[in-house]
Amino acid sequence: MFSPFDLPEDIFLLITDELPSPADFALCHCLVSHIKEKQNSSLRVVLSVSESLTRWQSILAKSNVNLSQQIAAKTFHFIDITSMALVQTDTDTDKVHGNPFHALYEQISSLLEEGNRDLNPGALVILDDISSLEWIGFSTSDLLRLCRALRVLCLKNQATLIIRHHIVTPGELDPLFRHLHSLCTYHLDIQPLNSGRSGDVSGQIALHSGPNAFPQSAVKTRQRSAALQYRLTDGTAIFFERGSSRGVL
Amino acid sequence: MSSFKRKSSSRTQTLPGTRPSPGSNATTITSTGIPSLDDILGGGLPLSCSFVVAAPDPHSSYGELVQKTFVSQGLACKQDVLVVGSDQDALDWVNGCMWFHSSASSNPSLEEDAEDQKPADEEQKIKIAWRYEQMKQFQTTVGSTSISEDFCRTFDLTTRIPSFTIEKALKDGHLFTCNVLNTLDPTSWSESSSATQAVLLNIEDVLSQRSSKIPNTPLRICIPGLGSYAWGDLRTQDILQFLYQLRAILRRNPLACASIGLESHISTDAWGGPGWIQKLGWMCDGLITLDAFTTNPSLSTLFPSHHGLVHIHTLPSPHTLLPSSDRFSTLRGLSASVAEGGNSSGENNLAFKCTRKRLIFETMHLDVEGGVAERRTVPASSDGVLDNYNSHVSSIPVPKTGLASVEVELDPGSAAKAVPTPSPSHDDTGASVVVEAQAPKPRLKKAKKTVAFWSDRPDLYDF
């Protein structure tokens with residue numbers, strides 16, 4: 001999964017990005033590689049907070065992936081958390097008993113169980129993104145409970161979990177990130193270049209092992225000093241080593 | 001010759017004031033009314049996207065100017081416009097919008113530029129070497145010459161929108177207004193989020209009214225002054241939630257787009273905490289900051305031809321990974337790096353200026369005679385401006401003799417001009433005089449001529 005890095009399955013991948021270097025391409029790349037490797041034999045669930053299905057369809061169409069067909073075949077489920085999030089934040093928080101994400105958890109749990117029953121295990125669950133939920137008013141503890149519950153659910157169902165988190169204060173680590181990092185297997189760190197935007201390099205990607213990574217894993221991590229650089233096109237990203245972009249060679 | 005013809009979607013041709021985005025046929029864009037801002041956005045603002053303009057300067061209203069142009073453009077190209085009034089009544093605010101000259105030629109911007117360049121050209125002919133005569137003048141901005149008037153009008157800031165235009169738009173149901181103060185329920189105004197929720201309900205009402213008539217007209221939603229006193233005590237969470245919900249509404253109604261102007265006090269990290277601007281950028285599709293020079297006289301001295309800097313935080317890309325602006329924007333210059341064989345020099349610095357007739361976004365360059373980085377051997381008098389600025393904020397007491405001292409630089413053939421320097425450390429002892437009334441002392445040695453950046457002195461080449 002995620003070809004330049006060859007990440008294994010059944011992991012919890014935490015993807016962090018910043019506003020000048022959004023990680024949309026990484027999520028699309030993971031989804032496309034999962035669809036192309038597993039075809040219709042596994043389930044994919046995208047829990048979207050900010051983006052609409054139209055955008056996912058447009059971008060994936062450029063990689064020759066037809067999401068409408070996947071939806072019809074019930075191998076792809078797009079859950080728009082927006083409407084659920086708005087209903088929850090409209091009501092008085094004192095009146096909400098229990099976790100506001102309980103219904104969502106139940107829905108994902110039933111989807112994964114069905115997937116394991118009807119299809120092969122090895123599903124993919126993407127939560128895009130968790131920081132927006134925090135900013136519009138959900139408490140950090142509720143969000144962490146959701147993440148822990150999703151992680152356990154994915155472990156039980158041999159599914160891969162990917163959660164996207166936005167970093168808005170690059171030098172400082174916010175509490176939500178610290179907790180997510182303690183749960184993750186790998187941390188994909190997408191940053192903009194320090195020199196600003198460029199036509200040839202959109203940003204750089206570093207891969208760090210999380211606290212739950214296996215020490216004997218074959219995954220090759222990359223520090224920030226040896227980060228892989230990428231350039232965005234309309235539908236995908238092109239990866240290259242530092243100093244080998246098309247402007248240099 | 002192949003007889004196959006590509007199917008072109010005719011849906012976009014029926015939407016007034018719009019055209020397909022150059023980056024993606026699935027995206028329909030509409031003009032903001034400012035051609036250079038359209039260029040920054042990659043051709044225009046895509047429908048179903050929200051665009052936020054932050055203007056942290058409390059002494060100027062450039063952000064409001066952008067919103068007014070947005071509304072004027074919507075009315076000019078017969079689109080539906082919804083204006084949310086905050087501290088001013090929405091209809092009164094629309095009455096203050098600008099308009100275009102109906103009798104003007106199709107390219108008044110070119111005419112103006114041609115007039116400005118004519119005397120310069122005549123002078124330049126004498127000086128420029130023959131090999132450069134054929135090169136065209138250095139362009140710092142883009143005009144709307146190649147785009148039809150249906151897409152983007154050339155608005156004139158000296159012309160106000162005619163009242164009959166507004167009345168007709170109201171009568172025909174093209175103009176909707178909503179005031180924050182009217183939407184507030186007096187019994188519940190202790191809740192800080194009631195204003196934002198009420199406005200969103202209003203917006204949804206307007207959208208549902210339009211959908212019942214099966215419209216094929218885009219709707220522009222303009223919210224100038226988000227965060228002003230009329231909205232109540234908004235917390236950061238309320239504003240982020242408002243932008244989030246507004247974006248969700250726009251996604252459900254793909255023919256609508258929104259332009260939001262933030263109040264000056266909420267446009268900086270000082271109000272929302274570290275990372276506030278970034279959070280705003282994540283909650284909308286496009287975010288720019290118009291950082292005016294009004295509160296910083298040193299910057300306005302360094303860049304006298306501009307009124308502020310433009311910071312781009314995020315740009316809309318509703319159907320692609322890469323914003324179309326990265327590939328098609330002339331001002332930003334990212335696409336130029338690819339065309340020139342991959343010599344990437346990064347993005348251009350952008351600034352804006354407000355002339356008598358229009359607001360222009362352009363690339364920012366240092367002047368021909370160099371900037372502050374010019375090598376000097378004595379401190380230039382322009383440093384006095386910086387010192388004046390700094391001395392206002394410092395609390396170090398300045399001795400009285402220092403306040404009265406005057407630095408005089410004698411230029412051969414020109415009258416001595418006194419430059420007050422309150423800071424004693426910058427007195428050039430060879431040239432200072434104690435009292436202005438006295439005749440200047442003859443200098444022991446000639447003042448070293450430095451080529452520096454002075455805005456108050458006559459230009460070197462002005463004869």
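Here is the naming used below: chain letters follow the sequence lines, and residue numbers restart at 1 for every chain. As the structure is a prediction and not an experimental result, all values here were calculated from the model.
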State, without any angle test, whether A:Ser52 and B:Arg252 hold a side-chain donor-acceptor pair at a distance under 3.5 Å. no
Part of A:Leu193 lying under 4.5 Å from any heavy atom of chain B: neither
Under a 4.5 Å cutoff for heavy-atom pairs, which residue among B:Leu287, B:Ile312, B:Thr236, B:Ile239 has the most contacts with chain A? B:Ile312
I'd like to know whether NE2 of B:His265 has more than 12 heavy-atom contacts from other residues, nucleotides or ligands below 6.0 angstrom. yes
Side chain, backbone, both or neither: which part of B:Pro274 has a non-hydrogen atom closer than 4.5 Å to chain A? both
Beyond-backbone contact of B:Trp282 with A:Asp17, side-chain heavy atoms, under 4.5 angstrom: yes
Heavy-atom closest pair, residues B:Leu321 and A:Leu232: O-CD1, 4.1 Å
Part of B:Ser324 lying under 4.5 Å from any heavy atom of chain A: neither
How close do A:Trp135 and B:Leu240 get, heavy atom to heavy atom, and via which atoms? CB-CD1, 3.7 Å
Roughly how far apart are B:Leu243 CG and A:Ser132 OG, rounded to 0.5 Å? 11.5 Å
Indicate yes or no: at least one non-hydrogen side-chain atom of B:Thr320 is less than 4.5 angstrom from one of A:Lys62. yes
What is the distance from atom OG1 of A:Thr233 to atom CG of B:Asp326, rounded to the nearest 0.5 Å? 11.5 Å
Is there side-chain contact between B:Ser317 and A:Arg55, with heavy atoms separated by less than 4.5 Å? yes
Is there a donor-acceptor contact under 3.5 Å from the side chain of B:Arg251 to the main chain of A:Leu53? no
Taking the side chain as everything from C-beta on, heavy atoms only, tell me whether B:Met283 gets closer than 4.5 Å to A:Ile136. yes
Under 4.5 Å to a heavy atom of chain B? For A:Thr236 that would be backbone
Report which part of A:Pro170 has an atom under 4.5 Å of a heavy atom belonging to chain B: side chain, backbone, both, or neither. neither
Which answer fits A:Glu51, side chain, backbone, both or neither, if we ask what part of it has an atom under 4.5 Å from a heavy atom of chain B? side chain
Highest number of heavy-atom pairs under 4.5 Å with chain A among B:His313, B:Gln278, B:Arg327 belongs to B:Gln278
